[in-house]
Amino acid sequence: MAEGPLHWEVSSGVAEVVIDHPPTNLVDGPLIGAVLQLLDALEGDPAVRVALLSSADPDFFLMHGDVDGILAIPRGSRARATEPNPAAALFERLHRSPLVSIAAVDGAARGGGAELLAALDLRYGSERAVLGQPEVAMGILPGAGGTARLPHLLGRSRALDVILTGRDVGAEEALRIGWLDGVFPRAALTDEVRAIARRVAAMPGASIAAVKRVVDTSLRSFDEALVEETDAFGALTAAGGHVAPMERFLAAGGQTREGETTRWDEIMRATREGPPS
């Protein structure tokens, strides 16, 4: 399927989304609109549990926001903001989606491109991955969620470092500080990340959504997260979705000494729910 700058195919519970927005994968109005349409389509498709994003551009995963568009913003008096701007709100919707969002980055993601990337659940790169927030040098700040989100990902001082210096962060440093979750050789990146996406997509969808919800709550309040976790556990067991996989676990040799000391991976393969049809 295609929605302007994005096109995708669904297989094994994974929507493989390719960003293809010539000439440079700019984060502009059409790209933002396409992300909105993508979310509407994928969240409404019961066959999808994971969105895997990659780029058709050889140099850019995503470039940055449209500088010409920012220059066109009227200057002078303004009303104080009471809610996020549309791009920041959309990226937060992506972050909180019941879908798991994963990126395979083989190139640069700066500015708004890095902000969209940071909103995803998991980020993997090749040795060519480069991340950066150059906005401060241009007299603004990351305004699509980056200034608010990076302290959660990187910690306060590292977020200040990368935002205030505007420097490029290469793949190995990005992995070390938590901006990337893994680095693979370029030739292996797609296969490695696809394998991760398909493994996640094989998990029960209700459990995936519950885990994301509790983890996000824990970043606001640990005490609230404990309650949310208990409630989610109760909701999942009440719904009964655990019965079939737990029965498969026991039938495969789970909860036995022999099984769990010599055949754990085999048992868990038998336990995992297959991807939605």
A.B. asks: Which atom pair, heavy atoms only, marks the closest approach of Glu43 to Pro98?
C.D. replies: OE2-CD, 4.0 Å

A.B. asks: Are His64 and Glu135 packed together at the side-chain level, in the sense that at least one heavy-atom pair is separated by less than 4.5 angstrom?
C.D. replies: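 SC-SC contact between His64 and Glu135 ruled out.
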
A.B. asks: Which heavy-atom pair separates Leu180 from Ala171 by the least distance, and what is that distance?
C.D. replies: CD1-O, 3.9 Å

A.B. asks: Just say parallel, tilted or perpendicular for the rings of Trp264 and Phe249, cut-offs at 30° and 60°.
C.D. replies: perpendicular

A.B. asks: Does the distance from a Lys or Arg side-chain N to an Asp or Glu carboxylate O, for Asp191 and Arg194, drop under 4.0 Å?
C.D. replies: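 Result for this pair is yes, salt bridge flagged.
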
A.B. asks: Between atom CD of Glu192 and atom OH of Tyr124, what is the distance when rounded to the nearest 0.5 Å?
C.D. replies: 10.5 Å

A.B. asks: So how far is it from Thr271 OG1 to Glu266 CD, rounded to the nearest 0.5 Å?
C.D. replies: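 Rounded to the nearest 0.5 Å, the OG1-CD separation comes out at 10.0 Å.
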
A.B. asks: Decide yes or no for His242 and Leu236: does some side-chain heavy atom of the first lie under 4.5 Å from some side-chain heavy atom of the second?
C.D. replies: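 They are not in side-chain contact.
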
A.B. asks: Starting from Leu131, can I reach Val136 by hopping between I/L/V/M/F/W/Y residues whose side chains sit under 4.5 Å apart?
C.D. replies: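 In one cluster with Val136: Leu131, yes.
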
A.B. asks: Determine, step by step, whether Gln133 and Thr147 satisfy the side-chain contact (heavy atoms from CB on, under 4.5 Å) criterion, reporting the C-alpha distance in whole Å, the side-chain angles of both residues, the deciding distance to 0.1 Å, and the verdict.
C.D. replies: CA-CA 9 Å; Gln133 300 289 169; Thr147 311; over 6 Å; no

A.B. asks: Considering only heavy atoms from C-beta outward, does the side chain of Arg123 approach that of Leu153 to under 4.5 Å?
C.D. replies: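 Arg123 vs Leu153: side chains touch.
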
A.B. asks: Looking at Glu258, I'd like to know if its CD atom is crowded, meaning that more than 12 non-hydrogen atoms belonging to other residues, nucleotides or ligands lie closer than 6.0 Å.
C.D. replies: yes

A.B. asks: List the atom of Phe61, the atom of Ala103, and the distance in Å for their closest heavy-atom pair.
C.D. replies: CZ-CB, 3.9 Å

A.B. asks: Any luck finding a side-chain donor-acceptor pair between Ser11 and Glu16 under 3.5 Å?
C.D. replies: no

A.B. asks: List the steps and the verdict of side-chain contact (heavy atoms from CB on, under 4.5 Å) for Arg128 and Asp59.
C.D. replies: CA-CA 9 Å; Arg128 298 177 67 246; Asp59 299 312; 3.9 Å; yes

A.B. asks: State, with a plain yes or no, whether a side-chain heavy atom of Ile102 is found less than 4.5 Å away from one of Val50.
C.D. replies: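 Yes, side chains in contact.
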
A.B. asks: Check for me, please, whether Leu62 and Val17 land in the same ILVMFWY cluster - side-chain distances under 4.5 Å, paths through other members count.
C.D. replies: yes

A.B. asks: Does Leu175 belong to the same Ile/Leu/Val/Met/Phe/Trp/Tyr cluster as Leu150, with side-chain heavy atoms less than 4.5 Å apart forming each link?
C.D. replies: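 The answer is yes; both residues are in one hydrophobic cluster.
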
A.B. asks: For Leu154 versus Ala159, what's the shortest heavy-atom pair and its separation?
C.D. replies: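 Here Leu154 and Ala159 meet closest at CB-N, 4.1 Å.
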
A.B. asks: Atom CG in Asn25, atom CG in Asp57: separation rounded to 0.5 Å?
C.D. replies: 5.0 Å

A.B. asks: Taking atom CG of Asp121 and atom CG of Leu99, what is their separation to the nearest 0.5 Å?
C.D. replies: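 So the CG of Asp121 and the CG of Leu99 are separated by 9.0 Å.
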
A.B. asks: Measuring from Asp45:CG to Trp8:CH2, what's the distance to the nearest 0.5 Å?
C.D. replies: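 If I round to the nearest 0.5 Å, the distance is 9.5 Å.
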
A.B. asks: I want to check something: taking the side chain as every heavy atom from C-beta on, are Lys212 and Arg96 in contact at a cut-off of under 4.5 Å?
C.D. replies: no

A.B. asks: Are Leu53 and Leu39 linked, directly or through intermediate hydrophobic residues, by side-chain heavy-atom contacts shorter than 4.5 Å (ILVMFWY only)?
C.D. replies: yes

A.B. asks: Are the charged groups of Glu228 and Arg220 less than 4.0 angstrom apart, N to O?
C.D. replies: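 No, no charged N to carboxylate O under 4.0 Å.
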
A.B. asks: Leu6 versus Ile19: any side-chain heavy-atom pair under 4.5 Å?
C.D. replies: yes

A.B. asks: Under a 4.5 Å cut-off applied to non-hydrogen side-chain atoms, are Thr217 and Glu229 in contact?
C.D. replies: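 No, too far: nothing below the 4.5 Å cut-off.
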
A.B. asks: For Ala232 versus Arg213, what's the shortest heavy-atom pair and its separation?
C.D. replies: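 That closest heavy-atom pairing would be CB-NH2, 4.3 Å.
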
A.B. asks: Does the side chain of Arg156 reach to within under 4.5 Å of the side chain of Leu160, using non-hydrogen atoms?
C.D. replies: yes

A.B. asks: For Arg167, does the CZ atom sit with more than 12 other heavy atoms under 6.0 Å from it, leaving out its own atoms?
C.D. replies: yes

A.B. asks: Taking all non-hydrogen atoms of both residues into account, name the closest pair between Gly143 and Ala88 and its distance.
C.D. replies: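 Heavy atoms of Gly143 and Ala88 come nearest at O-CB, 4.1 Å.
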
A.B. asks: With the threshold set at 4.0 Å, does a side-chain nitrogen-carboxylate oxygen contact exist between Glu127 and Arg186?
C.D. replies: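 Salt bridge absent between Glu127 and Arg186.
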
A.B. asks: Checking side chain to side chain contact (heavy atoms under 4.5 Å, CB included) between Leu116 and each of Val35, Leu90, Val27, Ile32, which is the one that passes?
C.D. replies: Val35

A.B. asks: Rounded to the nearest 0.5 Å, what separation is found between the CZ atom of Arg75 and the CD1 atom of Ile73?
C.D. replies: 9.5 Å

A.B. asks: For atom CE of Met246, is the number of surrounding heavy atoms from other residues, nucleotides or ligands below 6.0 Å larger than 12?
C.D. replies: no

A.B. asks: Apply side-chain contact (heavy atoms from CB on, under 4.5 Å) to residues Phe60 and Arg110 and explain how you reach the verdict.
C.D. replies: CA-CA 9 Å; Phe60 300 104; Arg110 298 187 181 97; 4.2 Å; yes

A.B. asks: Please answer: with hydrophobic residues joined when any side-chain heavy atoms are less than 4.5 Å apart, are Val18 and Val193 in the same cluster?
C.D. replies: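 No; tracing contacts between hydrophobic side chains, which count when under 4.5 Å, never links both residues.
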
A.B. asks: Pair Asp28, His21 - check side-chain contact (heavy atoms from CB on, under 4.5 Å), show working.
C.D. replies: CA-CA 10 Å; Asp28 57 8; His21 189 31; 2.8 Å; yes

